[in-house]
Amino acid sequence: MNKIRYICLDDETDTVKPVLARLCSTRADLEIVALPPLAFEEQLARIQKELEIGLDGIILDLRLDRRIPADGQRAVRYTAPGLAAQLRNCQATKASQAGFPIILWSVQSLLEKSFYPDVTNQDLFDSIYTKQQVAENETQIALELVDFVNGYKYINENQKAKLKVSDLLAVPNGVILDERMNNDLNSGPGKLPAFVYARFIFEQIINQPGPLMGKSVLYSRLGVALDSPEPLERIISKNCAYRGPFGIAWPRWWAAAVDAWWDKVFPKSPMLERIPAPERVEKIRTKFNLPNLKAADVPKGKSPYFSTVCEVTNMPLDPVDGFMIKSKEPMLWQRRRYISRDVAMDPAKYNFRGQLDPMESARIQQIRSNGKKK
Amino acid sequence: MAKKNNNSVAGSRREIELLATKVRKEWSELSRILRELSVCADTGPLDSPVYGLDTSGCFLQMTNLVLRFSPAALKCLPSNLEELDCRLSARVGLPYGLGDDDICKDPLSNLSVEIDLRGMTSTGELLIHCWHLDRHPEYSAAKKGDVGISAAHPRYHFHFGGRRIKQFAGEMGLDSLGSIMLFDGPRLPHPPLDAVLAVDMLFSNFSPLAWAKLRESADYVRLITISQRRLWRPYARSLVSHWGEDGNKSGWLATDPWPHLL
């Protein structure tokens, strides 16, 4: 089997080796080699050589430039974003250079101190993991590392001059993709490097609600409890599943395909979002003879027209009962994220540290001043 | 001959798709205006309506746009309303063979505008208020014999109550809604609304201050004018032609939108 091969540049190779070994032990197809960083030019030359002999991705520790405790010297004088910027530049300008994923990892405190304040760096990495996250979610993160490589390979293979993003998404029959999505990729003159497609697909399409939805939103939209003993995936049309880049580690479903599936299975029913969630489940139960399909609870006094989930509790939610979270202005084909009223009323209790959209501030203040908690 | 027919079907399809694209742009423009004037927080449903072709033409469906109104500016019974949220959905069908400025035909093949208002009182009681605007379908001769069908069915009509109120009663475990009676009618003739005109109708009735702010926007006024011209001009022409006032009869008989006319 051809293994997927990453190198991991870290100034503390002895410390990270056992962590990486555990990560690789979860999959036979993943190999990660820990290496100490070299001087900048030498490092670039080494990576080029590695790419020629078979390198699929790079993991970078954030502070490669820390002083080594033993002798107080710095191994190198650059940090991960500096190296990543140069690698991205090579991917963008060298025609022979295929795209590959660049992953950042560090400890939370260093990310907060040295990485997040510099917003110009934030689009360089395909993913950012804390070392604690890696230790706690080895199986999932190993899967993600593999899927990043496979996604890049797919994009590299399919890349043509001025490729439309919609061509890469393996859109199923019957789903019409919003044409504005192609414009939003910001395609300038000439060919875009693979990482631009990869970053756009991953950040804007996989990780934002819109044309695609994750498992919890899929269940919410069909009114089914996430812990239903009868899984929805068994009955929902296979046509609804997303099969484009990164869709293995991050399973997604096409919202429009789910609507079309509903209309086909229940041609006389109103549109999915126009009927209360318990009624949606009852229809599916009857049609497919699934007595064990469990309906999501509708809390008393809350709307049963679920279409999203609370970002904090993951419980189904009708936006009418929710509060919009602050975010960058979404693209026209994207949807907003919500938290439930309970979380908005008592963020500390739910460990919610985000902010509400400014347009929701007056509303929550009014509700709080009304002194009720419903 | 067959080829000619196919060509004309394709042409008709192209025309209606172009019109649907135009309407989608108008809804998206409305979304931008609502956000800019801070009168609606999440206008996503207007930006990405579901759309496609069916047997009668092209449809656009905008689902669950949430508008939040201040009850302080409204007279309501009960008077202790503290929150008032509205969920608006609109499905519009544009028929094959319709031009953008076709004033002698019914401009839509399908219409459903659902307005669900949910209030909360200072004591935490949930209240509901629903309106529904329909385009009534053509019935077969057999169905026309039904007593229910014999009642007046203006082509476009508003109806208070409907399915949603009955569902709400079920959700709240109620057999009835206090002293209010709910009937299948009356069905009140009203000119058709699309998402733009429905939003205007809601602000005009439930948030006069926001409505005034919207109508100060030249872009908003332009959008309203386009929708009114597309939907209300043929409707008005149909009605006025009943008396032959314009000397030029509409192809859309006035007794269709207004069956009470004699």
Side-chain angles (χ1 to χ4, degrees), chain A residues 174-176 178-181 209-211 255-256 259-260 263 270-279 298 300-308 318-325 329-338 341 356-363 366-367 369-374, chain B residues 17 21 24-25 27-29 31-32 34-35 38-54 59 61-68 70-72 80 82-83 85-89 91 112 114 116-118 120-126 128 163-164 167-168 170-173:
Chain A
V175 172
I176 306 170
D178 196 311
E179 63 272 20
R180 293 169 296 195
M181 193 183 272
D259 286 341
D263 291 344
M271 211 183 153
L272 192 52
E273 285 183 34
R274 292 300 305 155
I275 55 175
E279 214 176 290
V298 182
K300 193 164 169 42
K302 300 290 188 249
S303 163
Y305 292 86
F306 298 148
S307 65
T308 186
D318 176 350
V320 81
D321 282 326
F323 287 80
M324 226 161 70
I325 300 178
E329 185 72 8
M331 297 185 198
L332 292 176
W333 40 274
Q334 291 174 330
R335 288 298 178 93
R336 301 296 298 259
R337 295 180 193 275
Y338 282 83
R341 187 183 180 114
L356 291 181
D357 185 274
M359 280 197 68
E360 300 280 33
S361 307
R363 187 173 147 233
Q366 180 68 48
I367 291 171
S369 74
N370 289 342
K372 303 190 302 276
K373 206 169 170 183
K374 299 175 204 101
Chain B
E17 280 178 333
T21 305
R24 278 175 62 219
K25 279 186 194 155
W27 291 12
S28 202
E29 173 73 356
S31 153
R32 182 189 65 77
L34 297 182
R35 276 200 313 274
S38 300
V39 295
C40 175
D42 186 355
T43 55
L46 280 168
D47 282 317
S48 46
V50 176
Y51 63 98
L53 292 168
D54 59 22
F59 69 89
Q61 166 93 40
M62 189 271 307
T63 309
N64 294 345
L65 177 74
V66 175
L67 301 171
R68 303 193 194 270
S70 164
N80 61 340
E82 278 192 344
E83 292 175 42
D85 300 324
C86 173
R87 191 196 292 103
L88 169 69
S89 297
R91 184 183 175 101
S112 168
E114 291 179 72
D116 302 345
L117 287 136
R118 193 186 61 170
M120 196 187 285
T121 65
S122 57
T123 54
E125 192 185 357
L126 280 177
I128 193 159
R163 211 167 91 98
R164 177 65 197 122
Q167 277 166 351
F168 177 79
E171 286 157 23
M172 306 301 284

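Letters go in sequence order (proteins before strands), and every chain restarts at 1.
- Only the side chain of B:R24 has a heavy atom closer than 4.5 Å to any heavy atom of chain A.
- Here A:R336 does not pair with A:E360 in a salt bridge; the nearest charged N to carboxylate O distance is not below 4.0 Å.
- A salt bridge between B:E114 and B:R164 is absent, with no side-chain N of the basic residue lying under 4.0 Å from a carboxylate O of the acidic one.
- When heavy atoms are compared at a cutoff of 4.5 Å, A:R335 approaches chain B solely by way of its side chain, counted from C-beta outward.
- In this structure, chain A has a heavy atom under 4.5 Å from the side chain of B:S28, while its backbone stays farther away.
- Classification of B:D85 and B:R118 as a salt-bridged pair holds, one side-chain N sitting under 4.0 Å from a carboxylate O.
- Among A:K300, A:R274, A:M324, A:E273, the residue making the largest number of heavy-atom pairs under 4.5 Å with chain B is A:R274.
- The candidate from B:P45, B:S31, B:G52 with the greatest count of non-hydrogen atom pairs under 4.5 Å with chain A is B:P45.
- Looking at B:R32, neither its backbone nor its side chain comes within 4.5 Å of chain A, counting heavy atoms on both sides.
- Interface residue A:P304: only side-chain heavy atoms are found under 4.5 Å from chain B.
- Contact of A:P209 with chain B is not made at all, since no heavy-atom distance falls under 4.5 Å.
- Nearest heavy-atom pair, B:Q61 versus B:S89, reported as atom, atom and distance to 0.1 Å: NE2-CB, 4.4 Å.
- Electrostatic pairing of A:R363 and A:D357 does not count as a salt bridge here, judged by no charged N lying under 4.0 Å from a carboxylate O.
- Between the side chains of A:Y305 and B:D116, no donor-acceptor pair of N or O atoms lies under 3.5 Å.
- For the pair B:V50/B:F59, a side-chain contact is recorded, criterion being any heavy-atom separation below 4.5 Å from C-beta on.
- In this structure, the portion of A:E279 lying under 4.5 Å from any heavy atom of chain B is its side chain and not its backbone.
- When heavy atoms are compared at a cutoff of 4.5 Å, A:S307 does not approach chain B at all.
- At least one side-chain heavy atom of A:T308 sits less than 4.5 Å from a side-chain heavy atom of A:P319.
- Proximity to chain A (any heavy atom under 4.5 Å) is shown, for B:F168, by neither the backbone nor the side chain.
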